[in-house]
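Letters go in sequence order (proteins before strands), and every chain restarts at 1. On a predicted model such as this, the values are computed, not experimentally measured, just so you know.
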2 protein chains.
Amino acid sequence: MRDSEKMIVRSLPLFADMAEDHLDEMLLGSFLQRFPATVVLFSESDHTDFLHVLVDGQVELYASANNREGTMTLIKPVATFVLASALTDGVYQMSARTLESSQILMIPAENVRTAMKKDRGFAQKSVLELAACYHGVVRAYKNIKLRTAVERLANYILVQNRRQGDTGVIKLPIEKRTLASMLGMTPENLSRAFATLKPYGIKVDGAEVRLEKPEDLETLAKPSALIDTH
Amino acid sequence: MRDSEKMIVRSLPLFADMAEDHLDEMLLGSFLQRFPATVVLFSESDHTDFLHVLVDGQVELYASANNREGTMTLIKPVATFVLASALTDGVYQMSARTLESSQILMIPAENVRTAMKKDRGFAQKSVLELAACYHGVVRAYKNIKLRTAVERLANYILVQNRRQGDTGVIKLPIEKRTLASMLGMTPENLSRAFATLKPYGIKVDGAEVRLEKPEDLETLAKPSALIDTH
DNA sequence: CTGATCGCTTGATAATTGTCAAGCCGCGCC
DNA sequence: GGCGCGGCTTGACAATTATCAAGCGATCAG
């Protein structure tokens with residue numbers, strides 16, 4: 001555990017208030033590792049051995065049942081993932097794989113639980129982090145339960161447009177098949193959903209999506225602050 | 001705030017470790033109220049003024065978007081709800097209504113946040129409670145994303161059968177239309193889903209569901225511990 | 001350059017799910 | 001009892017979504 005790695009951890013709100021010695025103690029036995037793309041980090045039924053911190057790259061959390069598979073969420077640096085599982089000392093509940101070459105700091109879950117008991121500041125921040133994660137899944141759940149596939153795509157485009165500076169031109173940050181899985185549809189259906197949005201001013205060229213009539217798209221998307229805002 | 005009400009709160013794991021004076025302080029300004037059936041307690045876009053404790057009755061948490069509405073989860077006594085929202089001091093994110101006449105203890109959200117800062121034991125338990133809620137929504141999200149409507153119903157029946165003592169006869173604890181909404185389908189579709197399960201030994205008579213070939217139903221349902229176990 | 005692979009798209013078709021309309025049935029009320 | 005209401009069911013149909021198959025085009029190794 002180098003000092004630079006400790007700095008990365010410290011920069012996260014979750015660990016910002018943690019006492020120095022508690023932080024040092026927690027990081028004992030932690031290690032930073034680089035994984036190539038498309039590597040499975042853990043399976044949903046595995047026991048949670050580590051809290052993960054994505055330092056660089058991109059990670060997909062997904063789930064499987066029957067013979068189906070679906071993306072639960074995407075992790076972008078710098079962020080922790082599977083905190084809830086690490087704290088409850090159970091299984092991961094979601095599987096994870098790298099989407100690109102990624103650097104991940106792995107902190108023994110037991111250390112995290114110890115730190116939670118010892119450190120008030122960390123416990124406080126954990127509460128806020130978990131509440132935020134909870135509301136994140138609640139939003140995803142609403143999204144899939146109350147919207148059609150085309151509406152989900154339309155809202156995704158609107159959110160991306162805002163995030164990328166309201167320029168009317170966005171670059172899809174992930175492959176289309178991953179996007180399809182995240183939006184709860186097949187890749188074939190995503191293609192058709194894009195085609196459906198053509199009359200609403202959507203033009204697609206590879207990973208570039210052009211938004212020529214944002215207002216029209218909004219009438220279709222009916223965006224909701226309680227689903228689309230973070 | 002009577003002593004009996006304090007006992008109810010104390011009996012919940014979430015508040016079990018809380019210091020006596022912190023508990024008393026938190027309960028200042030709390031009140032127990034009885035609501036008739038079908039009353040909206042709050043709307044998802046309302047600011048979170050209270051942490052709720054369902055003492056008696058039954059409450060539905062639901063969400064709306066477009067012109068659609070869907071059940072998020074059902075609360076049964078004795079349990080708290082909207083803890084995450086109370087702690088983050090934002091909006092409720094979900095709407096709530098009583099399904100039957102219900103008794104609810106309402107604790108000012110600000111008191112809860114104060115208690116969280118002051119009381120280590122409460123902070124610890126909050127972390128565990130939030131992690132459990134998080135995994136609950138994750139399971140619901142997997143359920144709807146990876147299963148068809150008929151599969152969701154089949155798994156619901158299997159879970160209820162286990163909960164009600166593996167007798168092969170279950171009594172639906174909620175109206176069918178509420179069940180339909182919880183399982184993410186229309187009432188019409190639920191009727192048809194029950195009909196589809198007939199060849200798998202399911203017989204429905206009002207709120208009573210008979211399960212004559214549990215093994216056959218399992219082959220269809222393909223239950224998963226990571227979705228169906230609590 | 002050539003061939004192979006992979007992601008994406010498109011078409012045809014099927015399965016799933018929702019909508020609208022009508023009717024049934026149990027229950028409470030007068 | 002008779003009536004009306006609400007929840008549930010059923011049928012016919014439409015919309016949505018998935019599946020299977022084929023082909024396109026970019027990329028990359030030989």
Q: Kindly point out which of C:dT16, C:dG11, C:dG7 is positioned nearest to the side chain of B:Thr148?
A: C:dT16
Q: Verify whether one side chain among A:Arg34 and A:Ser101 offers a donor that lies under 3.5 Å from an acceptor in the other.
A: yes
Q: Kindly indicate whether the side chain of B:Glu188 and the base of D:dC8 share any N or O donor-acceptor pair separated by less than 3.5 Å?
A: no
Q) Whole-Å distance between C:dG18 C1' and B:Glu69 CD? A) 16 Å
Q) If only side-chain N and O atoms of B:Asn189 are considered, is one of them under 4.0 Å from the OP1 or OP2 phosphate oxygen of C:dG18? A) yes
Q.
Using whole Å, what does the distance between atom P of nucleotide D:dG25 and atom CD of A:Glu175 come to?
A. 20 Å
Q) To the nearest Å, how far apart are A:Arg192 CZ and C:dT9 P? A) 11 Å
Q | Pairing of A:Glu60 and A:Arg97 as salt bridge, 4.0 angstrom limit | A | yes
Q. Is the shortest side-chain N/O distance from B:Thr186 to OP1 or OP2 of C:dT17 below 4.0 Å?
A. no
**Q.** Length of the line joining B:Asn66:CG and C:dT19:P, which is rounded to integer Å
**A.** 11 Å
Q.
Can you measure A:Ile144 atom CD1 to C:dT16 atom P for me and round it to whole angstrom units?
A. 17 Å
Q.
I'd like to know if B:Arg177 reaches the base of D:dT9 with its side chain such that a donor and an acceptor end up less than 3.5 angstrom apart.
A. no
Q. In whole angstrom, what separates A:Leu172's CG from C:dC8's C1'?
A. 13 Å
Q. Do A:Tyr134 and B:Tyr134 make the cut of ring centroids closer than 6.0 angstrom?
A. no
Q | Integer-rounded Å distance: D:dT19 C1' and A:Leu190 CG | A | 16 Å
**Q.** For atom NZ of A:Lys145 and atom C1' of C:dT17, their distance in whole Å
**A.** 15 Å
Q) Salt-bridged, B:Glu151 to A:Arg68, with N to O below 4.0 Å? A) yes
